[in-house]
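Data first, discussion second: the structure below is written as structure tokens.
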Amino acid sequence: MLHGRASLRPDEVAFTFTDYHHDPAGVPESLTWSQLSRRTMNVARELSLHAGVGDRAVILAPQGLHYILAFLGSMQAGLVAVPLPLPHRGSSHDRVGAVFADTTPSVVLTTSAVAGDVGHYVDRSRLDTAPKMIEIDSLNLDAADQPGFAAAEFPRTAYLQYSSGSTRLPTGVMISHRNLQVNFEQLMSSLFRGVNVNSSTDLTLVSWLPFYHDMGLVLGVCAPILGGFPAELTSPVAFLEKPARWIRALAENPHAFSGAPNFAFDLAARKTRDSDLAGLDLAGVRGIINGAERVDPATLERFADRFAHFNFRDNMLRPCYGLAEATVFVASGTWSDSVGDSWGAVRFDVDELSAGRAQRCSSGAGSALVRYELPKSPVVRIVDVDTRRECPPDVVGEIWVHGDNVAAGYWGRPPEEQGCFGAALVDPPAGTPDGPWLRTGDLGFIWKGELFVVGRIKDLLIIRGRNHHPEDIEATVQEITRGRVAAISVPVNSTENLVTVIELKKRADLETGADGDAVRWLTEVKSDVTSAIANAHGVNVGDLVLVPPGSIPTTTSGKIRRTACVEQYRQDRFTRLDA
């Protein structure tokens with residue numbers, strides 16, 4: 001696909017990456033399709049000198065065009081690409097070490113700016129044979145008059161998408177070229193049904209998401225090539241430093257399409273000033289995916305309201321559900337004020353959900369859940385975890401997925417750790433395949449022909465014999481505090497206590513005030529949160545932990561690591577604002 005684009009449209013820009021590291025105004029660098037094709041070939045030619053077909057190529061590099069070249073060059077050489085996050089200096093070696101042990105890479109691809117730090121991780125990997133380190137930016141990337149290069153054969157696995165380890169050690173999902181192509185077609189069919197996006201002028205993909213994350217890799221690197229669309233990219237750090245950069249990029253690029261986790265929408269709405277968007281218009285945005293973590297309807301409502309006077313429309317927001325084991329995408333929803341009682345959301349009775357049943361309740365009560373269109377491809381069913389039979393409508397069960405976008409399994413894991421793959425339905429209804437199915441580990445239900453996602457099975461809280469979904473409790477608290485929240489269950493004297501860890505930014509009017517003012521404010525927050533949880537969920541809070549922003553452990557994609565929160569709480573390692 002890449003070389004075909006280069007042949008037909010050699011001088012059109014494929015990727016633009018804007019670097020804000022040294023200049024707050026940003027320094028853009030672009031590659032045309034022909035440049036991208038030639039540089040990919042030259043990277044592959046170098047890699048073929050050090051590794052053979054099917055060998056693994058770990059990518060540890062800063063976000064940028066060299067990362068993209070490392071990924072594409074690895075696959076061109078017939079290697080299995082392994083995109084990873086560049087560890088922060090002084091961070092733990094555990095995650096990188098686990099992946100090194102898993103993949104035994106032949107090469108590690110990096111850049112000269114970080115080669116020293118990466119070399120340190122390679123040295124500590126304790127592999128029997130040290131991988132060859134290659135600095136992509138030190139190669140003669142534009143060498144001309146070289147014969148075309150292609151591996152003699154290609155492995156079934158194109159790349160390994162490593163999980164961010166929210167509930168376990170990282171595992172590498174084996175993504176094939178077929179998985180990727182099919183999932184791209186499913187995504188485009190779902191998001192742009194009936195809309196013409198066949199031309200390179202019909203869409204610009206805008207992304208700051210990390211390339212090592214499934215949504216960032218597909219949206220920022222793979223989709224532009226598969227669809228022939230130009231991509232405007234930057235780094236997660238650039239977004240976090242100034243969220244308005246994302247919103248400006250959406251306004252400045254024609255027919256912009258983008259995506260981000262839920263937290264980013266809150267951050268952008270809070271941190272973007274009107275002056276940041278002076279003279280700009282968001283009317284041309286084609287859509288923004290909200291995915292990678294549970295979608296909070298209140299967040300989408302705030303985002304749409306915040307940018308409405310810049311001509312942003314609520315139907316531009318596209319809630320999406322997916323997971324790496326299904327490449328990235330499973331289902332999408334629409335966000336419109338014409339349905340539901342909270343724009344695109346529907347409210348369900350919390351007690352009924354806890355009992356495994358879906359029953360709609362009145363506006364302003366219950367749990368607000370986002371609606372997803374039940375896709376035809378891939379096939380989605382709700383299944384009873386114990387009997388493995390399909391659940392009737394309105395009954396909560398595990399979400400199962402069937403289709404050619406589902407990966408083959410986890411790299412190098414024994415059969416007992418591959419349980420989510422290759423599942424079979426018992427007595428499937430007519431027209432429903434018996435397998436193989438992917439068990440997602442997510443709870444959901446089908447109501448009036450639409451899919452609703454409730455939460456992770458492993459995160460389910462059982463307090464005094466009742467089930468509670470942590471995302472519901474967290475959403476209740478966030479309505480008050482607006483920051484990140486972790487709801488966890490902690491054993492105390494043979495019973496489970498609900499503990500909520502709440503990141504709280506100190507109010508500006510208290511910065512120079514008396515200590516008594518801060519104490520009163522914290523007491524009010526505690527009272528408001530405790531009352532809200534009791535009223536909405538019928539459960540008492542065992543402990544409410546107020547901490548500074550950035551205290552809650554998260555995965556590389558921003559998901560809350562609740563297991564790590566439990567461990568940190570039990571070891572009294574949270575710095576409490578109310579201590």
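In this chain, numbering begins with 1 at the start of the sequence shown. Atoms considered below: every heavy atom in the structure, side chains included; atoms not considered: hydrogens, waters and symmetry mates.
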With no hydrogens and no angle check, do the side chains of [X] and [Y] hold a donor and an acceptor under 3.5 Å apart?
| X | Y | result |
| --- | --- | --- |
| Q63 | Y212 | no |
| R45 | N42 | yes |
| N253 | T204 | no |

Under 3.5 Å donor-acceptor, [X] side chain and [Y] backbone:
| X | Y | answer |
| --- | --- | --- |
| R388 | D427 | no |
| R484 | I552 | no |
| T40 | L36 | yes |
| S189 | Q186 | no |
| H177 | T157 | no |
| E232 | V206 | no |
| D434 | A424 | no |
| T234 | T18 | yes |
| S34 | P10 | yes |
| R389 | P428 | no |

| task | On the 0 to 90° scale, with breaks at 30° and 60°, tag the W208-W246 ring pair as parallel, tilted or perpendicular. | result | perpendicular

| request: May I ask you to decide if the ring planes of W447 and F452 are parallel, tilted or perpendicular, using 30° and 60° as cut-offs? | output: perpendicular

| Run the side-chain contact (heavy atoms from CB on, under 4.5 Å) check on S74 and V80 step by step: do they pass? | CA-CA 7 Å; S74 298; V80 177; over 6 Å; no

How far apart are the closest heavy atoms of [X] and [Y], and which atoms are they?
| X | Y | answer |
| --- | --- | --- |
| R178 | D404 | NH2-OD2, 3.0 Å |
| G449 | L374 | O-CB, 3.6 Å |
| R56 | V82 | CG-CG2, 4.0 Å |
| V173 | E325 | CG1-CA, 3.8 Å |
| T432 | E390 | OG1-OE1, 4.2 Å |
| A61 | T110 | CB-CA, 4.0 Å |

| field | Derivation and outcome, side-chain contact (heavy atoms from CB on, under 4.5 Å), residues I225 and F184 | value | CA-CA 11 Å; I225 295 172; F184 173 73; over 6 Å; no

Separation of [Y] [atom2] from [X] [atom1] (nearest 0.5 Å):
| X | Y | atom1 | atom2 | answer |
| --- | --- | --- | --- | --- |
| I136 | L47 | CD1 | CG | 6.0 Å |
| S190 | Y372 | OG | OH | 11.5 Å |
| I175 | D214 | CD1 | CG | 8.0 Å |
| F263 | I560 | CZ | CD1 | 11.5 Å |
| I59 | I134 | CD1 | CD1 | 11.5 Å |
| R38 | W33 | CZ | CH2 | 15.0 Å |

| So, for Y121 and F100, is the gap between ring centers shorter than 6.0 Å? | no

| message | Measuring centre to centre across the rings, with the benzene-like ring taken for any Trp, is F257 within less than 6.0 Å of F229? | response | no

| Does D296 reach the side chain of F265, with side-chain heavy atoms less than 4.5 Å apart? | no

| request: Could you give me the CA-CA distance, side-chain angles and deciding distance for F329 and C320, then say whether side-chain contact (heavy atoms from CB on, under 4.5 Å) is met? | output: CA-CA 7 Å; F329 173 83; C320 284; 4.0 Å; yes

| said: With side-chain contact (heavy atoms from CB on, under 4.5 Å) as the criterion, how do L217 and F71 come out once you've worked through the C-alpha distance, each side chain's angles and the decisive distance to 0.1 Å? | reply: CA-CA 10 Å; L217 184 65; F71 178 74; 3.9 Å; yes

